[in-house]
Protein chains: 2
Amino acid sequence: MNSSVEENYLKALFMLSGTKGEATVNEVSRFLDIKMPTVNSMMKRLSEKGLVIHENYKPLRLTEKGKLEAALVVRKHRLTEMYLVEKMGFGWEEVHHIAEQIEHIHAPDFFNKMDELLGYPTVDPHGSPIPSKEGSIIATPYIQLSDCLVGDRVELMAVGQSSASLLKYLNTRELALGALIHIDEIEPFDRSMHVSYSDRTSVVLTSLVCDSLLVRRVES
Amino acid sequence: MNSSVEENYLKALFMLSGTKGEATVNEVSRFLDIKMPTVNSMMKRLSEKGLVIHENYKPLRLTEKGKLEAALVVRKHRLTEMYLVEKMGFGWEEVHHIAEQIEHIHAPDFFNKMDELLGYPTVDPHGSPIPSKEGSIIATPYIQLSDCLVGDRVELMAVGQSSASLLKYLNTRELALGALIHIDEIEPFDRSMHVSYSDRTSVVLTSLVCDSLLVRRVES
DNA sequence: TAAATATATTAGTATACTCTAATATTTTGT
DNA sequence: ACAAAATATTAGAGTATACTAATATATTTA
């Protein structure tokens with residue numbers, strides 16, 4: 001059984017390993033806000049436990065076992081977020097810090113019950129996929145809004161980072177998952193976008209925001 | 001902010017301090033299944049934090065601050081148990097080990113939401129009182145079934161210990177909170193009782209069980 | 001390619017929480 | 001009241017998780 005701390009390292013590595021399936025000590029260090037030597041020695045431990053592959057001065061990779069255990073933590077996190085929003089009435093910007101703690105609870109029956117009460121959801125309130133009990137995750141083919149072009153019509157599918165500040169920002173602009181967005185204009189010098197959606201027009205989104213919005217092109 | 005471990009010591013002391021408002025190192029040690037020297041040094045720490053009063057070779061007592069913080073942990077535990085039973089459909093014997101973990105979560109909004117969704121309950125599924133946000137607890141004037149006499153008619157109000165084994169035992173006998181129990185007979189040699197309730201008659205309860213059942217006399 | 005910078009590792013230290021063994025004190029039983 | 005038993009404390013050690021400082025390797029830049 002992994003400790004909460006170990007679970008956090010596994011989750012970090014899981015979330016940082018992109019398509020390449022690897023991440024560096026430095027990335028994990030910055031992500032968790034824990035100094036590199038600490039990360040280094042923890043990775044050595046996880047490597048001895050058969051959860052991480054770690055050769056000196058090489059990037060970190062999760063083993064299959066590590067991938068599964070990390071995915072299950074993410075699963076608990078996202079199921080919890082979904083439950084908090086759907087069944088308890090929290091806003092999508094309020095649930096992260098609660099789920100961050102509940103994800104470390106060891107009680108399969110508790111998470112299975114949430115899953116059941118929610119009707120076996122596949123995405124969380126931020127549009128991120130919920131890994132299955134087997135650790136498999138449905139790849140999302142979404143693209144960043146910042147990669148779209150003037151005239152594109154897209155649907156907001158997920159947010160890349162679920163920081164409370166970004167989510168509150170979206171709340172004040174009434175920009176929710178599922179919104180159909182039309183790109184009216186792109187400022188070349190700062191890559192900010194003028195977009196329209198619902199009954200709003202000419203809303204300006206900075207490039208930082210556009211990077212975090214994951215969308216799907218819609219035939220127009 | 002207290003750690004989960006510290007919270008467990010506070011809770012133990014809170015629950016063990018009876019009317020006298022004190023408990024010994026040994027009692028806490030047995031209750032938590034942690035060796036005495038460990039308890040001793042932790043109590044020294046809590047004493048430095050102003051949560052416990054601890055003079056050498058004297059019993060332990062919670063300060064007002066310690067009492068409040070302990071009560072709030074118990075509050076989180078019992079609110080959680082109530083939520084799990086009432087809103088998620090768990091049986092009363094399944095919720096203890098889950099609540100034991102959730103009680104250490106730091107998220108007032110989460111527990112306030114449970115409280116609200118439950119309609120501000122004052123007792124948990126086992127009949128134990130839920131401390132208020134101010135740490136006050138409604139004293140329960142219940143007596144042990146084992147203190148009653150032949151012919152008494154009582155209502156089952158709470159169970160003194162919520163071990164899964166006792167609760168399952170009660171489940172199989174269909175003995176639930178609120179049951180009206182009549183004491184038919186008491187075996188003098190082992191203090192076991194023959195009781196009737198609902199449509200059951202001559203059910204035998206051992207003295208161990210009778211000690212754990214908290215009841216209120218009903219005028220007959 | 002050499003120097004500068006970034007990243008990674010090692011070594012040593014600190015705190016939280018646990019233990020066992022040894023000792024001190026209090027309580028109990030005769 | 002004294003010996004035995006129970007309880008409490010001190011001392012010393014171990015694991016988990018963090019840190020800083022020093023060093024080693026890798027990458028970038030000029």
Side-chain angles (χ1 to χ4, degrees), chain A residues 1-14 16-18 20-62 66 69-70 73 100-101 103-106, chain B residues 1-14 16-18 20-62 66 69-70 73 100-101 103-106:
Chain A
M1 184 107 80
N2 305 312
S3 70
S4 313
V5 174
E6 288 170 330
E7 284 187 345
N8 279 336
Y9 282 89
L10 290 174
K11 188 172 61 127
L13 193 44
F14 185 80
L16 291 169
S17 308
K20 289 209 303 292
E22 22 176 88
T24 66
V25 171
N26 191 258
E27 283 161 354
V28 174
S29 169
R30 273 180 289 137
F31 185 83
L32 293 177
D33 193 22
I34 288 174
K35 296 290 182 289
M36 277 201 287
T38 308
V39 173
N40 201 277
S41 57
M42 177 59 85
M43 288 305 169
K44 187 173 288 177
R45 272 235 321 264
L46 294 176
S47 163
E48 274 154 20
K49 288 181 81 169
L51 299 168
V52 166
I53 294 164
H54 187 196
E55 293 170 90
N56 261 7
Y57 296 103
K58 294 261 178 65
L60 305 159
R61 325 223 279 87
L62 286 166
E69 303 200 356
V73 176
E100 203 68 13
Q101 299 177 71
E103 70 186 5
H104 299 299
I105 285 173
H106 293 292
Chain B
M1 181 107 81
N2 305 311
S3 70
S4 313
V5 173
E6 288 170 331
E7 285 187 345
N8 279 336
Y9 282 90
L10 291 173
K11 188 170 60 126
L13 192 44
F14 184 81
L16 291 170
S17 308
K20 288 208 305 292
E22 21 176 87
T24 65
V25 172
N26 191 258
E27 283 161 355
V28 174
S29 168
R30 271 180 292 137
F31 185 83
L32 293 177
D33 194 22
I34 288 176
K35 294 290 180 291
M36 278 202 286
T38 308
V39 173
N40 200 278
S41 57
M42 177 58 85
M43 288 305 169
K44 186 171 289 179
R45 271 235 321 264
L46 293 175
S47 164
E48 276 155 18
K49 288 180 80 167
L51 299 168
V52 166
I53 293 164
H54 187 196
E55 294 169 271
N56 261 8
Y57 296 103
K58 294 262 178 65
L60 305 161
R61 326 224 278 81
L62 285 167
E69 303 199 357
V73 177
E100 203 68 15
Q101 299 177 69
E103 70 186 5
H104 299 299
I105 285 174
H106 295 291

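Treat the numbers as computed from the prediction; the structure is a model and nothing was measured. Chain letters run A, B, ... following the sequence lines, proteins first and then strands; every chain starts at 1. Atoms considered below: every heavy atom in the structure, side chains included; atoms not considered: hydrogens, waters and symmetry mates.
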| Any donor-acceptor N/O pair, Ser47(B) side chain to Ile53(B) backbone, under 3.5 Å | no
| said: Does dA18(D) have OP1 or OP2 under 4.0 Å away from a side-chain N or O of Tyr9(A)? | reply: yes
| task | Report the nucleotide, chosen from dT20(C), dT7(C), dT18(C), that has the shortest atom-to-atom distance to any side-chain atom of Lys35(B). | result | dT20(C)
| Phosphate contact (dT10(C) OP1 or OP2) by Tyr57(A) side-chain N/O below 4.0 Å | no
| request: Please state whether the phosphate of dT10(D), meaning OP1 or OP2, lies under 4.0 angstrom from any side-chain nitrogen or oxygen of Lys44(B). | output: yes
| field | Interatomic distance, Met43(B) CE vs dA16(C) C1' [rounded to whole Å] | value | 15 Å
| Nearest-Å distance, NZ (Lys58(A)) to P (dT25(D))? | 14 Å
| task | Select base, sugar-phosphate, or nothing to describe what Ser3(B) touches, counting heavy atoms under 4.0 Å on all strands. | result | sugar-phosphate
| said: Tell me whether the count of non-hydrogen atoms from other residues, nucleotides or ligands lying under 6.0 Å of NZ in Lys49(A) goes above 12. | reply: yes
| remark: Between the CD atom in Glu69(A) and the CG atom in Leu51(A), the distance rounded to the nearest 0.5 Å is 5.0 Å
| Nearest-nucleotide pick for Pro37(B), side chain only, options being dT20(C), dT18(C), dA8(C) | dT20(C)
| field | Rounded interatomic separation in angstrom, taking CG from Asn56(B) and C1' from dT25(C) | value | 10 Å
| For the side chain of Met36(A), counting heavy atoms from C-beta on, which of dT18(C), dT7(C), dA18(D) is nearest? | dT7(C)
| said: Measuring from atom CE of Met42(A) to atom CG of Leu10(A), what distance do you get when rounded to the nearest 0.5 angstrom? | reply: 9.0 Å
| query | Does anything in residues 24-33 of chain B reach DNA chain C, meaning a heavy atom under 4.0 Å, and if so which residues? | reply | none
| query | Roughly how far, to the nearest 0.5 Å, is the CG atom of Asn56(A) from the NZ atom of Lys44(A)? | reply | 7.0 Å
| message | Nearest 0.5 Å, please: how far is CZ in Phe31(B) from CG in Asn8(B)? | response | 9.0 Å
